[in-house]
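Report on one structure; see the data block that follows.
Treat the numbers as computed from the prediction; the structure is a model and nothing was measured. Every chain is numbered from 1 and lettered A, B, ... according to where its sequence line falls, protein lines coming before strand lines.
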Amino acid sequence: MSTVMLAGSTVDVDPEGFLEHPEQWSEPIAEEIARTNGIQSLTERHWQVVNFMRTTYLESGSAPSIRSLGKTSGVPIKELYELFPKGPAKLAAKIGGIPKPRGCI
Amino acid sequence: MSQRIVILGGGTGGTLVANRLQRQYGDQASITVIDRDDVHVYQPGLLFVPFGLAEPQEIVRPRHAQFRSGVDFRIGEVDRVDIAHDTVHLADGVEVPYDVLVIATGAVLQPEETDGLIGPEWGRSMHTFYSLQGASDLRGAMAGFEAGRLVVNVIDMPIKCPVAPLEFCFLADWQLRQRGVRDDVELTFVTPLDGAFTTPVASSRLAGLLREKNINVESEFATGRVDASARRLHSWDEREVPFDLLVAIPAHGGPSYIARSPGLGDALGFVAADRHTLQARAAQNIFVIGDASDVPTSKAGSVTHFEGDTVVENIRQFLAGDELTGFYDGHANCFVETGFHRALLIDFAYEAEPLPGRFPERHLGPLPLLAESRLNHLAKLAFQPLYWHVLLPGHDIPGVSSQFHPAAEPRAQQTSGAPR
Ligand SMILES: Cc1cc2nc3c(=O)[nH]c(=O)nc-3n(C[C@H](O)[C@H](O)[C@H](O)COP(=O)(O)OP(=O)(O)OC[C@H]3O[C@@H](n4cnc5c(N)ncnc54)[C@H](O)[C@@H]3O)c2cc1C
């Protein structure tokens, strides 16, 4: 675990840059994480996914997979990949300030 | 009046819980099990069918014969659960009221969720070994495969027994070598995960084995569709993997009645449950066992077996009006067939990732963890009789505890911040 400055506040992150404590998150932090990961600005569609991820995690303790995001977030999988290239679930989790989805074992 | 315990699903979990409850309650409770058919498949045996190492009829037995007398087994299709009225509705209109409900309906394969998978090539150049029919069809295709690209693709997680696709790769490598055609076959494992397995130490061990056996790995590949005529897998992020013979592990979900029972399941149809008590979030008188639940551990027979203790204890306490003390710690163990009469074994829990050591006792056990050995392979083979004669009747396996024996580092350090 290490500490970094994001959007003017100090936050704890894991080696891959996921926030360790969701409560340290803020919208400006989300914007900054997005920029460093190649998303210049977060559109309404981005926010829809990020907020959905975050709410689901805070309510249920685990982040949804891409397939369940596609079924429940209101954004189809194809578009998820356009919004968050490479790995939508991982990137949206990172921007939403929740820990890296562990996947399933 | 005696308590009515209704169990949905008469597979691994439903059978072992029914038998344990019957032993515990005798005629003090009525125990009903409902399943759609009378064919109990020993699913770990499916891995061996495509290679001619097991015959389909050897791994199947009638369900009804696996229950103690006193358990009422009925054939029926569950249509929905009315949680507010404690009633199960069957497809033929019959209503079954309960005091306690146990959900043990497992996971279903959903090949239709992937564009292009189901079609004329399904069963010809595209197969699965996750069903009895699929495994039998694949045997012919494997036997006739001489040269080209063999691709094993996990479409999406979660799946049952997440090591089985890797084992399939190891056994395919072995069979192709024995037949003298391995050099003419390019064998590729395509996975949505970022490595061979989900936990770091096991993942790097397994990746080493894949390398040794010259099996390519295409990781972080989220299959979006299959082009059956061009024989290509396409990922959502527009990568492609060509194949001549595809062995797909279709996406899994809960059975469709879950979605027709509001409040019971998540988006994929898995039943939301407390990861330690296995009580459903939807109602206090519903418990979940096995592949049907959303608890964050492997969907495996070993998990189902270990969960049995907790479910039976908590049902007893629930009916007695006591606080639930049954506590499941996420314990799982899996034998991984690696070919050439060898296997390795992994053992883990919610807070402990699989690490090297010995089993069942961390230092002295006869079976090495995370290392290949002939004894592990023999133990895996010995498991089928144990399954029918010890596990399903609801006995404990001598020397194997349902609790994880920690000697490994607690996982807590790696995931601090995650709620538990
Ligand atoms: C290829 C393969 C290899 C495996 N290898 C291993 C291994 O080596 N080790 C290991 O530990 N585990 C292994 N497993 C996993 C193991 O078999 C499962 O985890 C275990 O059987 C789960 O038990 P369960 O009771 O949850 O579900 P199941 O045993 O699948 O039972 C579910 C039951 O519910 C019934 N059902 C579903 N819906 C309805 C409905 N609507 N109405 C009526 N009935 C319904 C089904 O007919 C079924 O009988 C493997 C699985 C596969 C597919």
Side-chain angles (χ1 to χ4, degrees), chain A residues 1-3 11-25 38 52-91 93-94 97-105, chain B residues 110 113-115 154-159 162-163 191-195 197-199 202-203 220 222 224-225 235-239 251-253 259 266-270 272 274-275 281 294-300 303 330 332 334 346 348-350 353-354 411 413-420:
Chain A
M1 187 166 88
S2 57
T3 304
V11 296
D12 303 318
V13 294
D14 79 358
E16 292 176 74
F18 288 82
L19 259 59
E20 298 271 5
H21 306 292
E23 63 280 6
Q24 295 181 337
W25 179 89
F52 182 83
M53 281 293 271
R54 198 174 153 82
T55 315
T56 313
Y57 175 83
L58 293 177
E59 279 169 5
S60 73
S62 63
S65 68
I66 295 173
R67 192 154 47 109
S68 39
L69 268 184
K71 286 183 198 280
T72 49
S73 68
V75 179
I77 299 185
K78 184 135 191 59
E79 189 184 341
L80 286 170
Y81 273 91
E82 288 158 11
L83 292 170
F84 304 93
K86 294 246 165 71
K90 262 195 218 168
L91 195 45
K94 198 183 236 182
I98 61 176
K100 182 179 172 182
R102 260 221 254 140
C104 311
I105 29 184
Chain B
Q110 302 176 319
E113 289 241 329
T114 305
D115 231 20
V154 176
I155 304 256
D156 194 17
M157 297 300 284
I159 59 167
V163 292
T191 171
L193 300 175
D194 58 8
F197 197 65
T198 43
T199 52
S203 186
E220 292 187 274
R225 67 190 171 90
S235 68
W236 289 105
D237 59 355
E238 279 154 33
R239 283 144 69 198
H252 288 36
D266 65 13
L268 302 183
F270 294 115
D274 182 279
R275 65 169 73 175
R281 297 211 190 273
D294 75 341
V295 303
T297 185
S298 284
K299 299 205 177 296
V303 167
C334 317
I346 55 182
F348 52 103
Y350 291 143
E353 71 159 310
R411 183 184 265 174
Q413 286 160 347
Q414 296 160 23
T415 53
S416 55
R420 50 184 65 90

Portion of A:Ser68 that has a non-hydrogen atom of chain B nearer than 4.5 angstrom: both
side-chain contact (heavy atoms from CB on, under 4.5 Å) evaluation trace for A:Ser62 with B:Asp294: CA-CA 10 Å; A:Ser62 63; B:Asp294 75 341; 6.0 Å; no
Region of B:Asp266 in contact with chain A, defined by heavy-atom distances below 4.5 Å: neither
ring-ring contact (aromatic ring centres under 6.0 Å, His included) partners of A:Phe84, counting only residues at least two apart: A:His46
Part of residues 73-82 of chain A lying next to chain B, heavy-atom separation under 4.5 Å: A:Ile77, A:Lys78, A:Tyr81
Closest non-hydrogen atom pair between A:Arg67 and B:His252, with its separation: NH2-O, 2.8 Å
With sequence neighbours excluded, residues passing salt bridge (charged side-chain N to carboxylate O under 4.0 Å, His left out) with A:Glu23: none
Residue list, side chain to side chain contact (heavy atoms under 4.5 Å, CB included) with A:Thr55, at least two apart or on another chain: A:Glu59
B:Asp194 CG to A:Lys100 NZ distance, which is reported to the nearest 0.5 Å: 4.5 Å
